[in-house]
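Taking it in order: structure first as structure tokens, then the write-up.
The chains referred to below are lettered A, B, ... by the order of the sequence lines, with proteins before strands, and numbering in each begins at 1.
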There are 2 protein chains.
Amino acid sequence: MTRDEAGFLASYDPRAYDPVAVTVDVVALTIRDGALSVLLVRRAHPPFADAWALPGGFVVAGGADGGGEDLPDAAVRELAEETGLAAADAALDRLHLEQLGTYGAPGRDPRMRVVSVAYLAFAPALPDPAAGGDAADAAWTPVAALGLTAAGAQPPGTTRPLAFDHARILADGLERARAKLEYTPLATAFCAAEFTIPELRAVYEAVWGEELHAGNFHRKVLSVPGFVEGTGGTSDAPGRRGGPRPRLYRAGDARLLHPALLRPSREEEVR
Amino acid sequence: MTRDEAGFLASYDPRAYDPVAVTVDVVALTIRDGALSVLLVRRAHPPFADAWALPGGFVVAGGADGGGEDLPDAAVRELAEETGLAAADAALDRLHLEQLGTYGAPGRDPRMRVVSVAYLAFAPALPDPAAGGDAADAAWTPVAALGLTAAGAQPPGTTRPLAFDHARILADGLERARAKLEYTPLATAFCAAEFTIPELRAVYEAVWGEELHAGNFHRKVLSVPGFVEGTGGTSDAPGRRGGPRPRLYRAGDARLLHPALLRPSREEEVR
DNA sequence: TAAATAGTGTCTTTGAGACACTATTTC
DNA sequence: GAAATAGTGTCTCAAAGACACTATTTA
């Protein structure tokens, strides 16, 4: 650093600017009882007290000398804090986390200018959360129960309206999830370490909201290089309604599916 | 708003938190002389004075009572300010702008904690920029000249090292652009309002960095519903090296290409 | 035994890519 | 005329989806 740069740094006063708060919000998805579900918390404090919202909160900034937390770390911390899931929990180990987008329209938070970085998480079936932090309650909620429109709005009279612009964020997260299942092997992130092809198909059906042809799906999954690899084992199939024991598979080493596994209902094809 | 909420808002002091600055940075791409190029500015002030960087700057926050600017507006403003392109310019009208991602690792800016929301812009050929704002210079730069690796790093000794983590942001923007050409009609955003199929092919070749089969490309583009629509006109083809006059097309009404136009070289297929 | 399910075989249709060819233009 | 290019025809191969079928399990 030159002397000029050092001098500039010393005279720099960040508080001369209007303040902006940075938060993270997490769209955590899982499959519970065959239904795609999102983790929601009930807000204990205003604004939107008692309303349901995505788990999230302020990022620890740290001073000019460092000490702040990185954004993905903040997302995992908020997820753990507000749900009682220990950050060291084995379940959180298998978590897939990716950045979804940033929402910063003026007025989206009545307190002040807040820019929120949203993260999208895929998790295998997790235990019921325990409320913690600023949350009065926490629960996995089937997304179908929220009455979300594709445009990211909830019609008036919805039983569980979301705080802030969280309906918009959730709608974006759902669309991202649906798209990612097409060309990445991330459906395996919703499964346990070992899974069967029918279980994997159930994930696709829950996320896409439509039934898939069992036979063609099976052949397709096995034909995509690196999607899954067999373990040699067989499921012990508790509580099924008949049929042979399906074989067990692990996630393969592919990071992209090629050829992709495209959604059937593409009549819309947004024009 | 309940009285409780109003009381909470009145007592809320945003300055109790460590400050975080929010900036926007723009990866503006265009095709110049057949080469995919990015708009860079030379920084007039520390940190990284005299280094090249993506155009960008602080977001106008506004107070609790509003008055701040939305993030996409800030991106367009920075683009206009630092390049001398008038915001009302017809060229900026045809601009495609989308959010790329948010970069907020502690220490990425030596002054303080800075969270930067990056935007990706596709533009038709634009005039040479004129430096303005905090920029000492501004220029369209062929991305090949920057020696970027796929990992988003620049090898030591690069002629034009980028400030901050802008090499990473640019690499992410390029990969996003390459992917988007596959399944959206955004290649047309690099073209004038009317264009020929060979011009469109040149866009794909510049962004993907490989040659495409002219005949198959032509048939493919016309076979995807809503990609392009004919104008009935014919190019007057100045300065070509022979061959018939190509027909003119406009962008169609499709927002997704189906079937997609996949990149040929997918041997890698990241495992 | 009946019903449900795992997994495979096969046929049809669509689309991608290779190659060939004609027509049109510039040098 | 030679070379380059726009645009079309045609063939082959890969892949998606429909349908059928067998084997295996539960109720």
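Side-chain N/O atoms of Asp172(A) and Tyr103(A) include a donor and acceptor closer than 3.5 Å.
Spacing between atom CG of Asp236(B) and atom P of dA6(D) amounts to 14 Å, rounded to whole angstrom units. Rounding to whole angstrom units, CZ of residue Arg219(A) and P of dC21(D) are separated by 15 Å. Straight-line distance from the NE2 atom of His258(A) to the P atom of dA14(D): 13 Å, rounded to whole Å. We find that CZ of Arg263(A) is positioned 16 Å from P of dA16(D), with the value rounded to whole Å. Note: CG (Leu262(B)) to P (dA14(D)) measures 17 Å, nearest angstrom.
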* Residue pair Arg178(B), Glu210(B): steps toward the salt bridge (Lys or Arg N to Asp or Glu O under 4.0 Å) verdict -> CA-CA 11 Å; Arg178(B) 285 188 280 259; Glu210(B) 51 192 320; over 6 Å; no
* Would Glu199(A) and Arg240(A) count as a salt bridge (Lys or Arg N to Asp or Glu O under 4.0 Å) if you check the C-alpha gap in whole Å, the side-chain angles of each, and the deciding distance to 0.1 Å? -> CA-CA 12 Å; Glu199(A) 282 167 1; Arg240(A) 280 160 56 259; over 6 Å; no
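For Pro225(B) against Ala254(B), the heavy-atom pair with the smallest separation is O-CB, 3.6 Å. Taking all atoms of both residues into account, the shortest heavy-atom contact from Ala189(A) to Phe122(A) is CB-CB, 3.9 Å. Scanning both residues, Leu146(A) and Gln154(A), for their nearest heavy atoms gives O-NE2, 3.2 Å. Residue Pro155(B) comes nearest to Thr149(B) through the heavy atom pair CD-CG2, 4.4 Å, listed as atom of the first residue, atom of the second, then distance.
The stretch residues 191-218 of chain B comes close to DNA chain D through Pro198(B), Arg201(B), Gly215(B), His218(B), each having a heavy atom under 4.0 Å from the strand.
Taking only side-chain nitrogens and oxygens, Lys220(A) comes nearer than 4.0 Å to OP1 or OP2 of dA16(D).
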* Nucleotide by nucleotide, 5' to 3', does protein get under 4.0 Å of the base (B), only the sugar-phosphate (S), or neither (-) in nucleotides 22-27 of chain C, counting heavy atoms? -> -BBBS-
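For Arg94(B) (side chain) and Phe190(B) (main-chain N/O), no donor-acceptor pair under 3.5 Å exists by modelled atom type.
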